[in-house]
Amino acid sequence: MENIQLSEPHPSLTIYNTLTKQKEPFRTVQPGKVGVYLCGPTVYDKAHIGHMVGPVIFDCIKRYLTYSGYEVTWVVNITDVDDKLINKANERGISMLEVAEENIADYNFNLAALGVDQIDHFPRATDCMGDIIALVQSLVDEQYAYEAEGDVFFDVTKDGDYGKLSNRTVEGTHGDGGGAAARKRNAADFALWKSAKPGEPSWDSPWGKGRPGWHIECSAMSKKLLGETFDIHGGGLDLVFPHHENEIAQSECCHDKPFAVYWAHNGLLRRDAAAGKIGGRAERDASEPGASAPSEPGVSAPSEPGASAPGEEAVSGKMSRSKGAGGLAELIERQGGERIRFFLLRTHYRSTVLFSEPAIEEAATGLETFYRLFKRYTRVGGGDFYALTAPTTRGASSLTVGNDPALDAAETARTKFLAAMDDDFNTGGAIGELFELAKIANKYCDDHKLEGGAGDAGSVATFELLLTTIKELANTLGLFLQAPAETGGAASDELLAAAMEVVMTLRAEARIAKNFATADAIRDGLKPLGIVIEDRPTGAEWTGGGPDAVDGVMQLLIQIRADARAAKDFATGDAVRDRLKEIGVTLEDRAGGTEWVKA
RNA sequence: GGCGCCGUAGCCAAGUGGCUAAGGCAUCGGAUUGCAAAUCCGACAUCCCCGGUUCGAAUCCGGGCGGCGCCUCCA
């Protein structure tokens, strides 16, 4: 096989290569340019969260490489021809294309919500038939593949390197050959082209009507968009064999050149320690009868907290089959994309991640630290964190070392952040440094009493520099690019109702106490928000109020509390705060006023 | 059976030969606050077990135990 001359290594960046099973200095096929190919989804169903791991980490990889001065082209393929798509189309009485379109739309929505916007090309198998057929033909011509009754198979015995990625031998792959076994020369041979059964979608080819095998599309698309040898090929760890092994076999036999230089595989998501990967066999087979009768009501019965509820377990397997495959859009609706992205990036991309919604919420608690700091920045200087201009390329630090201990500390954290990212994109370690920077900024703000307009211009500028550094680094992770979307309409309606209940209770109490000034102030205060109060013999009722009214109601409550506190009526003031807490809203008193936060 | 990965505090998680083992969540002290919230300061780890290599090991090697993946569609 022809040897490829790679560029000089990057001075500090290393990347783990599944092919060599070690971290390697980063070199490129073409100086300054990087071609990245990530195996995307087979769009026969809605995406689940496991489908987002690769896109999120590769989105970071592209951002970080770009930041490091490379020109990156990133391709994610869409498999829109496949048995499962055909089956789904038949079940639902619609075309394969319609199934694909629906799920591609879902996939794109999910990517956008998680901030994955760096993908340059989104090739679909059905748009690349000419390239696929040409590649298969070339393999047949070179005797690496053979035709059998309209099918075309790759002959693994013709590839001396077969198995090098997944570290196996042709003998070691003891598959049964699948349904097409009879036509294969060797059980490990795999289909490049599948003949069409009656009624199936098909394309004309030199071997008759048919469609491509799964693996060949990636070889064809990567060649078309990135060339015969490109830099980084990614995908889930579960794709190493047979998918990526077969891609290598096809492409390297066809071109007599290395296919991809680095193979980067992300770890898989699991529901809990004892479960398989999300969307994995255990979940798919959950409808099998006699699936599981967990835990004998036995002697030792350790009674672990989570180990109980076997009945629920048995049901949840089934649920995940019908609901679990989809549900990502709903999860995003509940949690918000940035929290999910943050959750995924806390762990190194090659690790297994135990996914659960409480785990996302725990991670999100940490995210709030940053959001609060950004609000604090606004209070200090009136600026918007998201509008700050931060460096987009990796250069000398803008932190002027030596002027202030805070800047020195920030410079140290920045250096550690970059070192972590240089070390095989260690986003978890990098995020730790982001927290360090947040602490430095908060402390600086405390020490220099910047809130309440007491800070001198120089201190405010230093504070801003600290925030700019957070933005510079976080943006390479695709975090804090824009303010997180507000909670959805339904959620804000609920919040409005809950807040109004607090208001109405307060007002009723004021009226009982003959404190009509307060009661009337509440009613007058609500009017501009479009909320009308009517006192009836059975009690007061309220109507109106749109999504924008929530903040107004909160402001009113904050005002009521402020008035009560000014009048030393701490009972009322505390009652407001405590009742809001019951509906998940916390009040935060600061130099510049009180703010409300929905948990 | 074959090929791999993993086991760090109550939980999550960096670190993979050498300063006090990052960081987050939770908890407990302190500063601050009318009381809170937020913020800051502080507390909180015999690095799964046993052996070996080494001046020195969470980190390397060997052996256990436990968990997971792939070998069949999969991110």
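The sequence lines fix the lettering, A, B, ..., with proteins before strands; numbering per chain opens at 1.
Look at A:Phe435 and the base of B:rG24; the rings do not stack under the cut-offs of 5.5 Å between centres and 30° between planes.
Within the nucleic acid shown, A:Arg376 comes within 4.0 Å of sugar-phosphate atoms alone, with no base atom in reach, counting heavy atoms only. Contact annotation for A:Thr42: backbone-only contact, meaning every heavy-atom pair under 4.0 Å involves sugar-phosphate atoms and none involves a base. Residue A:Gly54 is out of contact with every strand shown, counting any heavy-atom pair closer than 4.0 Å. Among the heavy atoms of the strands lying under 4.0 Å from A:Glu436 are primed sugar atoms or P, OP1, OP2 only; no base atom is included. The residue A:Asp589 sits close to a base: some heavy atom pair falls under 4.0 Å. Contact annotation for A:Gly40: backbone-only contact, meaning every heavy-atom pair under 4.0 Å involves sugar-phosphate atoms and none involves a base. Within the 4.0 angstrom heavy-atom criterion, no nucleotide atom of any strand lies near A:Leu354. At a threshold of 4.0 angstrom between heavy atoms, the contacts of A:Asn442 are confined to the sugar-phosphate backbone, with no base atom among them. As judged by a 4.0 angstrom heavy-atom cut-off over every strand, A:Thr169 is placed among residues making no nucleic acid contact. Across all strands, A:His348 comes closer than 4.0 Å only to sugar-phosphate atoms, never to a base (heavy-atom distances). Among the protein residues, A:Leu239 comes within range of the sugar-phosphate backbone only, with heavy atoms under 4.0 Å from sugar or phosphate atoms but none that close to a base. Across all strands, A:Phe241 comes closer than 4.0 Å only to sugar-phosphate atoms, never to a base (heavy-atom distances). Within 4.0 Å (heavy atoms only), A:Asn426 reaches sugar-phosphate atoms of the nucleic acid but no base atom.
By the 6.0 Å contact criterion, NZ on A:Lys164 is enclosed, its count of non-hydrogen atoms from other residues, nucleotides or ligands being greater than 12.
Using a 4.0 Å cut-off between charged side-chain N and carboxylate O, A:Asp189 and A:Arg183 make no salt bridge.
The line from NE2 of A:His215 to SG of A:Cys39 is 10.5 Å long, rounded to the nearest 0.5 Å.
The side chain of A:Thr365 has B:rC25 as its nearest neighbour among B:rA75, B:rC25, B:rG34. Checking B:rG2, B:rA75, B:rG4 against every side-chain atom of A:Leu268, the shortest atom distance belongs to B:rA75. Counting only heavy atoms from C-beta on, A:Asp423 has its side chain closest to B:rG15 among B:rG34, B:rG15, B:rA75. The side chain of A:Arg590 lies closest to B:rA38, out of B:rA38, B:rG67, B:rA75. Comparing atom distances between the A:Asp446 side chain and each of B:rC35, B:rU39, B:rA37 picks out B:rU39 as nearest. Checking B:rC41, B:rG67, B:rC70 against every side-chain atom of A:Asp238, the shortest atom distance belongs to B:rC70. In the set B:rG34, B:rC3, B:rC41, the nucleotide with an atom closest to the side chain of A:Asn167 is B:rC3. In the set B:rG15, B:rG24, B:rA75, the nucleotide with an atom closest to the side chain of A:Lys439 is B:rG24.
Checked by distance alone, A:Arg346 brings no side-chain donor or acceptor within 3.5 Å of a matching partner on the base of B:rG23. The base of B:rG23 does not come close enough to the side chain of A:Glu433 for any donor and acceptor atom to sit less than 3.5 Å apart.
For A:Asn266, no side-chain nitrogen or oxygen approaches OP1 or OP2 of B:rA75 to under 4.0 Å. A:Arg372 has a side-chain polar atom (N or O) that falls below the 4.0 Å cut-off from OP1 or OP2 of B:rU39. In this model, the phosphate group of B:rC70 is approached by a side-chain N or O of A:Lys277 to a distance below 4.0 Å at OP1 or OP2. Close to B:rA14, at under 4.0 Å from its OP1 or OP2, lies a side-chain N or O of A:Ser351. Contact annotation: A:Thr586 does not reach the phosphate of B:rA36 (side-chain N/O to OP1 or OP2, under 4.0 Å).
Summarising the base pairing, B:rG69 is matched to B:rC3 through a Watson-Crick or G-U wobble pair whose two defining distances lie under 3.5 Å.
Inspection of the A:Thr594 and A:Glu588 side chains reveals no N or O donor paired with an N or O acceptor under 3.5 Å. Between the side chains of A:Thr365 and A:Glu361, no donor-acceptor pair is found at a separation under 3.5 Å.
Between A:Arg561 and the choices A:Asp589, A:Asp578, A:Asp574, the salt bridge (Lys or Arg N to Asp or Glu O under 4.0 Å) rule is met once, by A:Asp589.
A heavy-atom distance below 4.5 Å is not found between the side chains of A:Ile232 and A:Trp263.
We find that CZ of A:Phe355 is positioned 14 Å from P of B:rA13, with the value rounded to whole Å. Protein atom CG of A:Asp424 is 9 Å distant from nucleotide atom P of B:rG15, rounded to whole Å.
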